[in-house]
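One structure is given below, encoded as structure tokens.
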Amino acid sequence: MNKTLLAELFGQMADLMEILGEDRFRVISYRTASRVVAESTADLEALAKAGQLQTLPGIGKSTEAKILEYIQTGQIARHQELLAKVPPGLAGLLRLQHLGPKTALKLWKELDIRSLDDLREVLANHPERIEDLPGMGAKKVALLKESAEFTTSASGRHRIDEALEIAAMLESAVKACKGVDELALAGSARRWRETVGDIDILVSAGQKSAARIMEAFRSCQAVTKVLAGGQTKCSVIVNGKVQADLRVVGKESFGAALQYFTGSKDHNVALRGIAIKHGWKLNEYGLFEEKEGKQGRRIAGADEEGIYRKLGLAWVPPELRENRGEIEAAAAGKLPRLLEEADIQGDLHMHTTATDGAGSITDMIESCRAMGYKYLAITDHSRSQPQTGGLSPKALLEHAAAVRAAAKDYPDMLVLAGTECDILKDGTLDYPDDVLAKLDFVLAAPHAALNAKGPAATERLLRAIANPHVHAIAHPTGRLINERAGMEVDIQRICQAAAEGGVALEVNAHPLRLDLRDVHVQAAVKAGAKLVICTDAHTPGPAGDLALMRYGVATARRGWATPDDVINAWPAGKLRAFLQQRRPR
DNA sequence: GCCGTTTTCGGCCCGACTGTTTTCAGTCG
């Protein structure tokens, strides 16, 4: 069964139902089902067999029946019914900005527009037909033209590192403005999601300064277009591709606005539900008492902590705000002490000039020392990666000797001679066991045949985990964000095997990889598997690739990882003991 | 369609901005 396809199916059903004007809460249910299926790390078929699907939040009787139907027949009758009522391409119109379900319905019924291509054709040749529809006009047509173009050229989500770079530029421009009291990054960037749809910046300032701050924001050099600009809110496009929003609120509302605009939406909806139970109302201006349906006294709002406290919750780190159990944990005082960047004691995945790295062995040791690390591992590529200059067994052993020789000059550092050894297609390793046995640290990693799905991909990793010389699996799925989906594996089996075998799973910190991803980390933590967070550095210097550690730490935090779960947050002695228990006796 | 320390029925988050309007509907986050 394909989870991604099932999730898309539920999403498309929601779109079609929305166009048909069906009950909006029912539509929300289908969107929830889509998200839960997409994010689930559980084996849905096993859950289905056990009659346990309804234990998933947001999955009830009706959705369970539809999942069962999908497993058995590969389709859902209700989906087919919807497709019979609405042209399937119509849902594609909803991807456009300024075009929602009502407009899509109107375009179809009045002008027989059935797809994005149809819409483009009419916009190009007969725009007056759209302009003359009730509720439409010249400006609306111009907006649609623009978003039809934008959707092909520059839509979608942007990598977190790219988003943070743009955010920093915007922040410094706004910060320089007089009258800015507080400034913070909000949205999914503050939550450190792996991709960001748009950048949200929040400022507190007096009313008199708001207009000037807006102006500073929209006149930033990199701003290529202003989408909207009101009294308190301004939306722009930066570098022709990334949307950024600025909101200005009063000081008394800054915490409420920060909470509100940080999201996620699901987290906020749950918080609002708690407020309602108390007879209060929560919005971006504060937490308010309500009297006879009217907004009463503000009881919190200046800072986030106050809002969570009033609602009976511990303050929730932004990385956890996805409504994946953090609210229950915050209510019970059981939020984990999340891993922090300062906990990291070393980096165990990096390359040198021996293969495709840019620094020498000593460059990398010096760089790690400058990072304040206590240990590192040099892990160059194996022979099946000829494009990287992968090492033959003989070259590998010579390289290991060179690493150990260099390490003698650094008695304060633990330097491990290692490898990033290919996991071949059948799950065997690129070096024989007797070669691997001579190393201090063996990272095994899949590099080729990365579009494998199902049991074969899972078995491949399980076989690598079973090798007694392997200490950790690097970038286990091989996905590249926005470029390659990677292997679809049964993550729960992988985590189980890793936990039992004492093999760590890497959270590759490169913002192109972030592999394991957040929900996989959460599955690993739950299974008791240990993690190792590494940068896969190919350049030396504390400002080079080694500095990417923060993305890995953030991803681990999003998966609820504590320092105890992460072997390179441990002291050197404990790490050594962990690695040595793998040695076959 | 889901869900339940007020509920198995009756709720389900809330406000800003825009365009086409003349008090509001649609879209967005």
Side-chain angles (χ1 to χ4, degrees), chain A residues 10 13-14 17-19 21-36 53-67 78 93-107 130-144 146-147 186-189 196-202 210 214 226-235 243-249 253 256-257 259-288 290 295 311-312 323 328 331:
Chain A
F10 279 131
M13 290 173 80
M17 289 163 66
E18 203 171 19
I19 291 171
E22 294 197 18
D23 179 72
R24 66 190 184 97
F25 297 108
R26 185 169 297 185
V27 172
I28 290 172
S29 295
Y30 277 82
R31 294 214 193 287
T32 305
S34 173
R35 182 182 65 88
V36 169
L53 281 172
Q54 288 193 49
T55 59
L56 297 171
I59 305 294
K61 198 172 160 188
S62 172
T63 310
E64 175 178 45
K66 291 190 176 65
I67 296 176
R78 176 93 177 98
L93 293 189
L94 303 183
R95 293 210 314 271
L96 263 59
Q97 289 261 305
H98 316 291
L99 200 165
K102 298 286 195 295
T103 313
L105 182 69
K106 199 186 293 179
L107 291 172
I130 296 177
E131 194 175 330
D132 293 343
L133 291 176
M136 306 293 275
K139 285 192 173 177
K140 195 78 195 181
V141 168
L143 279 174
L144 289 181
E146 198 176 296
S147 42
S188 48
V196 171
D198 55 19
I199 294 162
D200 293 292
I201 293 173
L202 183 69
M214 288 288 169
V226 178
L227 296 173
Q231 301 282 306
T232 63
K233 181 182 168 183
C234 181
S235 295
Q243 180 170 337
D245 297 339
L246 174 70
R247 291 287 292 241
V248 180
V249 298
S253 297
Q259 195 289 310
Y260 181 88
F261 290 111
T262 296
S264 66
K265 193 172 178 174
D266 291 319
H267 178 87
N268 286 358
V269 167
L271 242 51
R272 267 149 213 261
I274 297 175
I276 288 169
K277 278 192 187 129
H278 286 91
W280 300 331
K281 184 173 72 174
L282 178 62
N283 60 25
E284 61 259 59
Y285 300 106
L287 182 61
F288 297 93
E290 286 221 286
Q295 184 166 302
L311 295 175
N323 201 16
E328 294 78 1

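Here is how names work: the chains are called A, B, and so on, in the same order as the sequence lines, proteins then strands, and each is numbered from 1.
- Inter-residue side-chain proximity for N283(A) and F288(A) is flagged as met; some heavy-atom pair is nearer than 4.5 Å.
- Residues that satisfy the side-chain contact (heavy atoms from CB on, under 4.5 Å) test with K277(A), not counting sequence neighbours, are absent from this structure.
- A close approach under 4.0 Å does occur between a side-chain nitrogen or oxygen of T63(A) and OP1 or OP2 of dC2(B).
- Taking the nucleotide of DNA chain B with the nearest heavy atom to each of N268(A) and A138(A), the more 5' of the two is matched to N268(A).
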Please set out all donor-acceptor pairs under 3.5 angstrom arising from side-chain atoms of residues 23-30 of chain A, sequence neighbours excluded.
from: D23(A); atom 1: OD2; to: F25(A); atom 2: N; distance (Å): 3.2
from: D23(A); atom 1: OD2; to: R26(A); atom 2: N; distance (Å): 3.0
from: S29(A); atom 1: OG; to: F25(A); atom 2: O; distance (Å): 3.1
from: Y30(A); atom 1: OH; to: K66(A); atom 2: NZ; distance (Å): 3.3

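- Residue T32(A) is classed as having no contact, given no heavy-atom separation below 4.0 Å to the nucleic acid.
- Note on R247(A): only backbone sugar-phosphate atoms sit closer than 4.0 angstrom, heavy atoms only; bases stay farther off.
- Annotation: Q231(A), atom CD; neighbour count of heavy atoms from other residues, nucleotides and ligands within 6.0 Å does not exceed 12.
- Rounded to whole angstrom, the span from the CG atom of L144(A) across to the P atom of dT18(B) amounts to 16 Å.
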Could you write out each protein N or O paired with an N or O of nucleotides 3-5 of chain B at a distance under 3.5 Å?
from: dC3(B); atom 1: OP1; to: G58(A); atom 2: N; distance (Å): 2.7

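- E290(A) places its CD atom 11 Å from the C1' atom of dC14(B), with the value rounded to the nearest Å.
- The pair E284(A)-K233(A) does not count as a salt bridge, with every side-chain nitrogen at least 4.0 angstrom from each carboxylate oxygen.
- For dT8(B), there is no paired nucleotide, since no Watson-Crick or G-U wobble pair has both relevant distances below 3.5 Å.
- L143(A) meets the side-chain contact (heavy atoms from CB on, under 4.5 Å) test with H98(A); sequence neighbours excluded.
- Taking CG of L271(A) as the start and CG of N323(A) as the end, the distance is 9.5 Å to the nearest 0.5 Å.
- Note on L282(A): only backbone sugar-phosphate atoms sit closer than 4.0 angstrom, heavy atoms only; bases stay farther off.
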N/O-N/O pairs, protein side and nucleotides 24-29 of chain B side, under 3.5 Å:
from: dG26(B); atom 1: O3'; to: T103(A); atom 2: OG1; distance (Å): 3.4
from: dT27(B); atom 1: OP1; to: G100(A); atom 2: N; distance (Å): 2.7
from: dT27(B); atom 1: OP1; to: G100(A); atom 2: O; distance (Å): 3.2
from: dT27(B); atom 1: OP1; to: T103(A); atom 2: N; distance (Å): 3.0
from: dT27(B); atom 1: OP1; to: T103(A); atom 2: OG1; distance (Å): 2.3
from: dT27(B); atom 1: OP2; to: K102(A); atom 2: N; distance (Å): 3.2
from: dT27(B); atom 1: O5'; to: G100(A); atom 2: N; distance (Å): 3.3
from: dC28(B); atom 1: OP1; to: L96(A); atom 2: O; distance (Å): 3.2
from: dC28(B); atom 1: OP1; to: H98(A); atom 2: N; distance (Å): 2.8
from: dG29(B); atom 1: OP1; to: Q97(A); atom 2: NE2; distance (Å): 3.4
from: dG29(B); atom 1: N2; to: Y260(A); atom 2: OH; distance (Å): 2.5

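- The separation between R272(A) atom CZ and dC13(B) atom P is 9 Å, rounded to whole Å.
- Taking every side-chain heavy atom of D23(A) into account, dG1(B) is the closest of dC17(B), dG1(B), dC13(B).
- Residues satisfying the side-chain contact (heavy atoms from CB on, under 4.5 Å) test with A210(A), not counting sequence neighbours, are V248(A).
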